[in-house]
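Just so it is clear, the model here is predicted, and its values are computed rather than measured. All chains are named by letter (A, B, ...) in the order of the sequence lines, taking the proteins before the strands, and each is independently numbered beginning at 1. All values below come from the heavy atoms of this structure, side chains included, with hydrogens, waters and symmetry mates left out.
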There are 2 protein chains.
Amino acid sequence: MERSNERGDDPRAAAGRPPTIRGVAERAGVSKSLVSLVLQGSPRVSDAKRRAVQDAIDELGYRPNAAARSLVARRTHTVGVLLNDLRNPWFVDLLDGLNSVLHAHGLRMLMADGRLDRRTGQDVARTFQELRVDGLVVVGTLPDTDGLAEVAERLPTVIAGNHEPLLPHVDIVANDDERGARLATEHLISLGHRRIAHIAGRGVVGTLRRRGFEAAVRAHGLHTAAVVESADGTEEGGYRAAVRLLNPARRTERPTAVFAFNDISCVGALSAAQELGLTVPVDLSLVGYDNTYLARIRHLWLTSVNNASHDVGRRAARCLLDRMAGKGAPAGHQLVAPELEIRGSTAPPPGAA
Amino acid sequence: MERSNERGDDPRAAAGRPPTIRGVAERAGVSKSLVSLVLQGSPRVSDAKRRAVQDAIDELGYRPNAAARSLVARRTHTVGVLLNDLRNPWFVDLLDGLNSVLHAHGLRMLMADGRLDRRTGQDVARTFQELRVDGLVVVGTLPDTDGLAEVAERLPTVIAGNHEPLLPHVDIVANDDERGARLATEHLISLGHRRIAHIAGRGVVGTLRRRGFEAAVRAHGLHTAAVVESADGTEEGGYRAAVRLLNPARRTERPTAVFAFNDISCVGALSAAQELGLTVPVDLSLVGYDNTYLARIRHLWLTSVNNASHDVGRRAARCLLDRMAGKGAPAGHQLVAPELEIRGSTAPPPGAA
DNA sequence: CCCGGTCCATGGAACGGTCCAACGAGCGCG
DNA sequence: CGCGCTCGTTGGACCGTTCCATGGACCGGG
C-alpha cells in the first residue's frame, strides 16, 4: 500500500474524527457486529468477510476505542503501576518481571509517578481508579497511604518491593530484607571483622535491614562492638554517617567494616573513606544493598545484596492475577530470598593473619 | 464518617459494581444531570443540592468513569509518555519539567516503557492511541519508528531529548548536543590540553556530540592530535574504548584528556584509567555528558555537560499544548542551550606550567 | 415438501457519562 | 394581570463498543 503525505486522497483523513467501527463496517459492506466479531478473532466469520473487514481496517487505519470497549466489557486489560522515586533505579528489574507475567496474560502496564502526588497535589491512585484499571501494583514506598487504602478497597492491589502499608486485601511481595542484612553482616563476620557498623535507612525496609544486622552481630557476640548510624538512603546521608563512624578522633574504636542500607548510601560511605585516607577494601570493607548497576560499576565494584527484584516482580504479578480472578484470599506477605553478590569492596580486616 | 471492614453495612459494597452517577443521583434525590453539573463545578446549582450530591458522592465513594466521560467528551485530558531505557535515569528531570507544565493545564501523564515493544511484541504507541490520549511525548530514542510514524499522523506528538525521527507534524525538543560537546572540548582546550580523545556514542545524539568535538578541536588546530573511539554508551563500552585510547604501548601519543559521550561511559573510562595507574585529573582529565546523579557522586565527581533536561521537558510540554490546541504548524526543532558543570575530573595536563 | 439444525450475519439494547433543549417556578415590569 | 426573563433542574440523545436474541440461507432427513 502506498502511503501519501497529502491529506487530500488519504482515506484516513476523510473524517475529522478517528474512524469508528461503523466506518469500517460501511467500507467493508458489513454490519458493525461483524466487524466486532472479526476484532475478537471469532471463528464464526467467513474468510471472505474477514478479509474484507481486515482490509477496511488497514485502509482506514482504524484503532478500536479503548474507552468504548471497556465501558461495556467492564474490563480494561490494563494494570496500573505506581512508581515512586524514579531516581533510584532499583525497580527496573522488578518491572521486567512484572511485565513478563502480566503480558503473558494479555494485560498491559501503565505507569504513573507517585512522587508527583505530593508535588502537584494530584492523586495518582485515583487516576487509575477513574481509568478503571483491572489491578494496581504499588512499587516501593508511597507518599500517600490514605488514598491507597481507599482505592485498594475497590481494586485488586499488590505492593511490591516494600512491606507496608498493611491493608485488608492487599498482598505484599518483597525480598526478605532482614535475611539479606544477615547475609551481608555474616559475610563480613566470616571475613574476620569484629567491629562492624551499619548505616541505617528509613521506613520499614530500613528497620528490617537494621534488625537483620543486629541479629547477626548479636548471634556472634559482636553486638558490643557494633554501631548503628542513622541516615536517609541518599549518597549525602551515607557520606555523613560514614564520616561520623570513621571519625579519626576515636581511632582505635573505628569499625573495620560497614554495611550500608543501600548501594547509594554505600557509595557515600566509600567517598568518606577515601577522603579520610582509608583504602577499600584494605582498610575498610563495605557492603551495599539492592545490587543496582551502581554496585556493578567497575570503579565502585561493591559487594551488595541482590534483592531478587525480577523474581519479586513475577510473584507480584501472579498475586495480582489471583486477586483479579476474584479469589478473595486474605492479604498475603511473600518474601523472596535475597543473595549476596560478592565484589571488590570486602576483604579481611587490616590485622588479619 | 466511620469506615467499617464488614461488607454488610458499607453502602459502597451494596452493588457488586462501582457506583455510577445514577446511583449518586438516586441517593441524593436529584437527577443524574444535576450530579454531572456538580462534578463539573457548575455555578448554576443551588447550595443545598450541591451539598446533597457531594455527601452522596462521599458516602458511596463514587469515582467518575474516565471511559464513559472521554467517550462523549472526546477528550481524555491525558498525555501518554513513551519512555525508553529506564536504566539510564537522565530523563527524570525532563519528566518533572513536562509534568509541571502539563499539570498546570489540567492534563495528567501516563507512562509506558517502550523497551517492552521489542521484548514482548507489544506496540506501546498503539496502546496510547487506543486509549485516545490527547497527546504523546516520546522521551529519548525509540526502538520502533514505523509504529510511531503511523500514530503521529493522528495524535499530537512531540519528541523530547532526541533528534529523530523527523516526521511531518512532530516537534522535536532537545538540548544542543553539538554545542554541549563544543563546550566540553573547549573547556579541556582552555585548560591546556592538546591531545584530546572522544569516546563516541550511537545514534543521532552520538553523531552530534562527536561533530561538536571535532569542530572544537579543528577550530583550535588540534585535530591532528585528536582521536575518536566508538562505543555504545554503556560503562563497559566506555571502559573498552578508554583501554584502547590509553594503551601503554603508544605511551607518548596518549591523550591527556577524554570527552565521553555520556556520564556512564565516562565512568567506564575512569575505571580504565584507574586500572592503568593513571590518576584523574592529575594524569588524565575526563568530561561526561548529561550531568546525571552519577556525575554528582562524590567518589566520581565528574565534570559533565548539563543537558538542561528540565527546560527541555517544559518546552516539550508547551509544544504539545500548542499542537493540541490545533495549530497545525510545521514540525519545529527546538534546541536548548546546555551548560558545562565543572567538577573534579578535569585539570590542566601533566606537564603544564 | 416441511422441519430442525448449523452457520453467518445483523439490529438493538446496554455501558456511564456529557450536553442540549426544554420546562416550571419565581419575579420584576409594563 | 400577563408577559418575558432568569434560575435551577430535568429527560433524553449520543459517544463507540460488546453481546444477545434473532433472522435468513442452506442442507439433510423423514
By side chain to side chain donor-acceptor pair (under 3.5 Å), which residues pair with [X], not counting sequence neighbours?
X        : result
B/Thr78  : B/Arg108
A/Arg314 : A/His310, A/Asp311
A/Ser70  : none
B/Thr157 : none

Please list all pairs passing the ring-ring contact (aromatic ring centres under 6.0 Å, His included) test where one or both residues lie in [range], with sequence neighbours left out.
range                       : result
residues 119-163 of chain A : A/His163-A/His333
residues 19-54 of chain B   : none
residues 133-159 of chain B : none

Under 3.5 Å donor-acceptor pairs involving side-chain atoms of residues 36-47 of chain B, not counting sequence neighbours:
unit_1: B/Gln40; atom_1: NE2; unit_2: B/Ser36; atom_2: O; d: 3.4
unit_1: B/Ser42; atom_1: OG; unit_2: B/Arg44; atom_2: N; d: 3.2
unit_1: B/Ser46; atom_1: OG; unit_2: B/Lys49; atom_2: N; d: 3.4

statement: Closest to the 5' end of DNA chain D, once B/Arg132 and B/Val30 are matched to their nearest nucleotides, is B/Val30
field: Salt bridge A/Arg115-A/Asp113, side-chain N to carboxylate O under 4.0 Å
entry: yes
Polar atom pairs between nucleotides 18-21 of chain C and protein, under 3.5 Å, N or O only, would you list them?
unit_1: C/dT18; atom_1: OP1; unit_2: B/Gln40; atom_2: NE2; d: 2.9
unit_1: C/dT18; atom_1: OP1; unit_2: B/Arg69; atom_2: NE; d: 3.0
unit_1: C/dT18; atom_1: OP1; unit_2: B/Arg69; atom_2: NH2; d: 3.3
unit_1: C/dT18; atom_1: OP2; unit_2: B/Ser36; atom_2: OG; d: 2.7
unit_1: C/dT18; atom_1: O4; unit_2: B/Lys32; atom_2: NZ; d: 3.0
unit_1: C/dC19; atom_1: OP2; unit_2: B/Gln40; atom_2: OE1; d: 3.1
unit_1: C/dC19; atom_1: N4; unit_2: B/Ser33; atom_2: OG; d: 3.3

Inter- and intrachain pairs under salt bridge (charged side-chain N to carboxylate O under 4.0 Å, His left out), touching residues 159-170 of chain B, at least two apart: none
- prompt: Whole Å only: how far is the CG atom of A/Asn65 from the C1' atom of C/dC15?
  reply: 13 Å
message: If I take atom CG in residue A/Leu71 and atom C1' in nucleotide C/dA13, what distance separates them, rounded to the nearest angstrom?
response: 13 Å
- prompt: Using a cut-off of 4.0 Å on non-hydrogen atoms, how would the nucleic acid contact of A/Arg74 be classed: base, sugar-phosphate, or nothing?
  reply: sugar-phosphate
statement: First and last nt of DNA chain D near chain A, cut-off under 4.0 Å to heavy atoms, 5' to 3', are D/dG16 to D/dC19
Bend angle of the helix from C/dC1-D/dG30 to C/dG30-D/dC1, end axes from five pairs each (to 10°): 70°
